[in-house]
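First listed ligand is number 1; within each ligand, the first listed atom is number 1.
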Amino acid sequence: MARGLLAAAALLGFLQASSSFEVKDSSGKVCILADLTVAFSVEYKTNVQKEFVHFFLPQNASVDSQSSCGKDNASHPILVLDFGGGHSLSLNFSESADKYQVEELVFHYNLSDATLFPNSSTGGMKTVSHKSIIQAHMGTQYRCINSKHINMKNVNVTFSNVTLEAYLTNGTLSVNKTECAEDRVSTTTMVPTTPKQTTSQSPTTGPAPTSPPNPTVGKYNVTGPNGTCVLAYMGLQLNITYQQKDEKMGLDLLNFVPHNTTSSGRCDNTSALLNLTFEKTRVIFQFALNATAEKFFLQGVSVSTTLPSEAKNPKFEATNNSMSELRASVGNSYKCSSEENLQVTDQALVNVFNVQVQIFKIDGDKFGPEHSGILSRCSSYLPFGN
Ligand SMILES: *[C@@H]1O[C@H](CO)[C@@H](O)[C@H](O)[C@H]1NC(C)=O
Ligand SMILES: *[C@@H]1O[C@H](CO)[C@@H](O)[C@H](O)[C@H]1NC(C)=O
Ligand SMILES: *[C@@H]1O[C@H](CO)[C@@H](O)[C@H](O)[C@H]1NC(C)=O
Ligand SMILES: *[C@@H]1O[C@H](CO)[C@@H](O)[C@H](O)[C@H]1NC(C)=O
Ligand SMILES: *[C@@H]1O[C@H](CO)[C@@H](O)[C@H](O)[C@H]1NC(C)=O
Ligand SMILES: *[C@@H]1O[C@H](CO)[C@@H](O)[C@H](O)[C@H]1NC(C)=O
Ligand SMILES: *[C@@H]1O[C@H](CO)[C@@H](O)[C@H](O)[C@H]1NC(C)=O
Ligand SMILES: *[C@@H]1O[C@H](CO)[C@@H](O)[C@H](O)[C@H]1NC(C)=O
Ligand SMILES: *[C@@H]1O[C@H](CO)[C@@H](O)[C@H](O)[C@H]1NC(C)=O
Ligand SMILES: *[C@@H]1O[C@H](CO)[C@@H](O)[C@H](O)[C@H]1NC(C)=O
Ligand SMILES: *[C@@H]1O[C@H](CO)[C@@H](O)[C@H](O)[C@H]1NC(C)=O
Ligand SMILES: *[C@@H]1O[C@H](CO)[C@@H](O)[C@H](O)[C@H]1NC(C)=O
């Protein structure tokens with residue numbers, strides 16, 4: 001199993017960062033640009049049982065020579081991405097009236113590739129496909145930050161953080177965007193009715209900021225294929241600095257209210273996601289496993305929210321995928337009773353209070369041995385395995 005983990009870790013490079021691809025015609029003119037994160041879940045058989053493997057489109061996937069800009073009416077633009085031991089993902093485009101679409105998504109995978117499919121009882125190539133998954137207005141870039149799931153026989157493909165445009169005329173992404181339905185939902189949700197603990201002020205000119213009370217500690221968990229894989233207790237506060245319409249700076253401090261917070265998430269062998277949504281605000285914690293060191297850590301935090309109406313741009317998003325926080329040995333829990341400030345970007349801080357987390361190996365839905373109170377600055381504490 002350790003070998004499997006390492007192989008998967010090497011293949012993913014641990015990061016699920018998005019990758020950029022382009023297709024050019026024979027004269028060198030770019031006709032398709034794509035920047036996307038693609039997660040795969042594949043079910044296959046071994047002699048013993050059914051297995052599920054989860055992996056991402058690696059960053060070093062290559063644009064196959066079958067990719068093309070299409071020839072007038074004779075053929076359509078197509079982007080073919082090759083990766084690993086003989087796998088490929090194709091996006092076949094078509095246009096109609098004022099729209100273009102991914103007419104068909106095709107995934108070819110090679111069950112003989114023991115790196116991804118150890119002990120597969122059958123070898124050889126498999127193909128699955130799905131019609132019309134993405135549609136956008138001609139002359140606009142398709143943008144979709146949220147996940148889009150495509151379920152096929154034995155294979156699920158999840159696209160996220162997608163920027164895509166086909167039928168490019170001048171080789172660059174269009175300024176105008178077609179936003180996917182998944183993203184529009186999150187920006188048009190109703191204004192909250194609960195008295196939330198938000199303060200909005202101009203630090204430069206406004207009255208002295210009044211600190212909001214500490215957030216209430218919420219208890220969150222995620223269940224994976226092997227039971228509970230994320231157990232997290234914490235109070236959660238967001239601190240966002242933003243530009244107002246009058247060019248002054250505003251501050252949005254928001255406490256998550258646990259009983260109004262919905263949690264979801266998912267885990268695979270090397271990463272775990274905890275997705276917390278409170279009203280129009282979402283914080284996604286991404287944990288990763290360092291298999292060699294047998295440690296888990298917080299690798300990424302994404303924040304999305306809607307700012308008060310005086311904000312110049314009400315939609316706010318921030319992501320940091322190169323963090324290394326809340327570290328602890330697998331089988332143990334990370335605990336900190338003082339406040340910790342997780343810097344997502346210059347504009348966004350996620351403050352966690354009384355945090356205790358454990359990822360992956362969780363015995364009986366209870367925290368393992370904890371490491372706390374030894375150092376006052378919890379963030380710098382790296383517990384020893386035991
Ligand atoms: C892609 O990267 C993985 C490890 O990160 C490596 O094993 C593989 O050979 C690379 N593939 C190509 C085509 O460069
Ligand atoms: C989306 O992709 C862009 C460009 O690759 C990257 O800078 C950004 O961090 C990604 N966002 C998320 C939420 O992963
Ligand atoms: C695909 O997703 C569905 C639920 O949406 C799930 O039932 C199925 O097991 C998944 N298949 C794979 C191969 O992950
Ligand atoms: C493409 O088809 C249209 C009508 O369907 C025709 O008018 C046009 O000449 C065709 N273009 C080429 C290059 O074949
Ligand atoms: C391409 O189009 C965009 C807007 O659609 C424009 O900003 C840009 O200057 C154009 N580039 C060239 C080389 O024409
Ligand atoms: C972008 O969309 C706006 C509104 O529909 C339109 O007025 C503008 O011309 C478009 N810009 C480009 C570069 O297509
Ligand atoms: C969290 O744990 C409770 C009790 O064990 C369980 O009922 C619930 O489904 C779990 N939630 C998730 C998201 O796994
Ligand atoms: C919020 O962030 C601002 C700017 O980074 C900082 O000055 C302020 O102290 C923070 N407040 C809290 C409660 O975190
Ligand atoms: C928050 O929870 C309270 C009590 O359960 C409920 O009355 C209220 O409607 C909830 N608010 C939202 C926005 O869900
Ligand atoms: C589930 O447990 C099995 C057996 O210990 C292990 O091989 C597999 O990696 C685990 N899966 C996850 C997602 O933790
Ligand atoms: C987070 O959860 C919300 C629903 O609560 C869902 O719409 C969204 O797709 C989830 N995001 C991720 C990255 O799982
Ligand atoms: C994993 O841990 C080892 C040993 O502590 C370290 O050298 C390596 O950089 C870590 N890898 C990641 C991805 O953090």
- Item | Output field: ring centroids Y109/F40 closer than 6.0 Å | no
- Item | Pair E165, Q141: side-chain N/O donor-acceptor within cut-off below 3.5 Å | no
- Message: With no hydrogens and no angle check, just 3.5 Å: does a side-chain donor-acceptor pair link T140 and T178?
- Response: yes
- Task: Can you sort out which atoms of ligand 12 are near T292, meaning under 4.0 Å from one of its heavy atoms?
- Result: 1 (C)
- Query: Is there any N or O on N275 that sits under 3.5 Å from an N or O of ligand 11?
  - Reply: yes
- Query: Is there side-chain contact between N313 and L307, with heavy atoms separated by less than 4.5 Å?
  - Reply: no
- Say whether, by atom type as modelled, one donor and one acceptor occur between the side chain of T46 and the main chain of V48 under 3.5 angstrom. yes
- Subset of ligand 11 atoms that lie under 4.0 Å from at least one heavy atom of T277: 5 (O)
- Message: If the condition is side-chain contact (heavy atoms from CB on, under 4.5 Å), which residues does E294 pass it with, not counting sequence neighbours?
- Response: none
- Item | No-hydrogen, no-angle side-chain donor-acceptor test under 3.5 Å, D64 and S67 | no
- Subset of ligand 11 atoms that lie under 4.0 Å from at least one heavy atom of S264: 1 (C), 2 (O)
- Message: If you define the side chain from C-beta out and look only at heavy atoms, does anything of I359 sit under 4.5 Å from L289?
- Response: no
Find all protein N or O atoms under 3.5 angstrom from an N or O atom of ligand 3 and list the pairs with distances, or write 'none'.
from: ligand 3; atom 1: 2 (O); to: N151; atom 2: ND2; distance (Å): 3.4
from: ligand 3; atom 1: 2 (O); to: N156; atom 2: ND2; distance (Å): 2.3
from: ligand 3; atom 1: 5 (O); to: N151; atom 2: ND2; distance (Å): 3.0
from: ligand 3; atom 1: 11 (N); to: N156; atom 2: ND2; distance (Å): 3.0
from: ligand 3; atom 1: 14 (O); to: S41; atom 2: OG; distance (Å): 2.6
from: ligand 3; atom 1: 14 (O); to: N156; atom 2: ND2; distance (Å): 3.3

- Query: With atoms numbered from 1 as shown, which atoms in ligand 11 lie under 4.0 angstrom from a non-hydrogen atom of R266?
  - Reply: 14 (O)
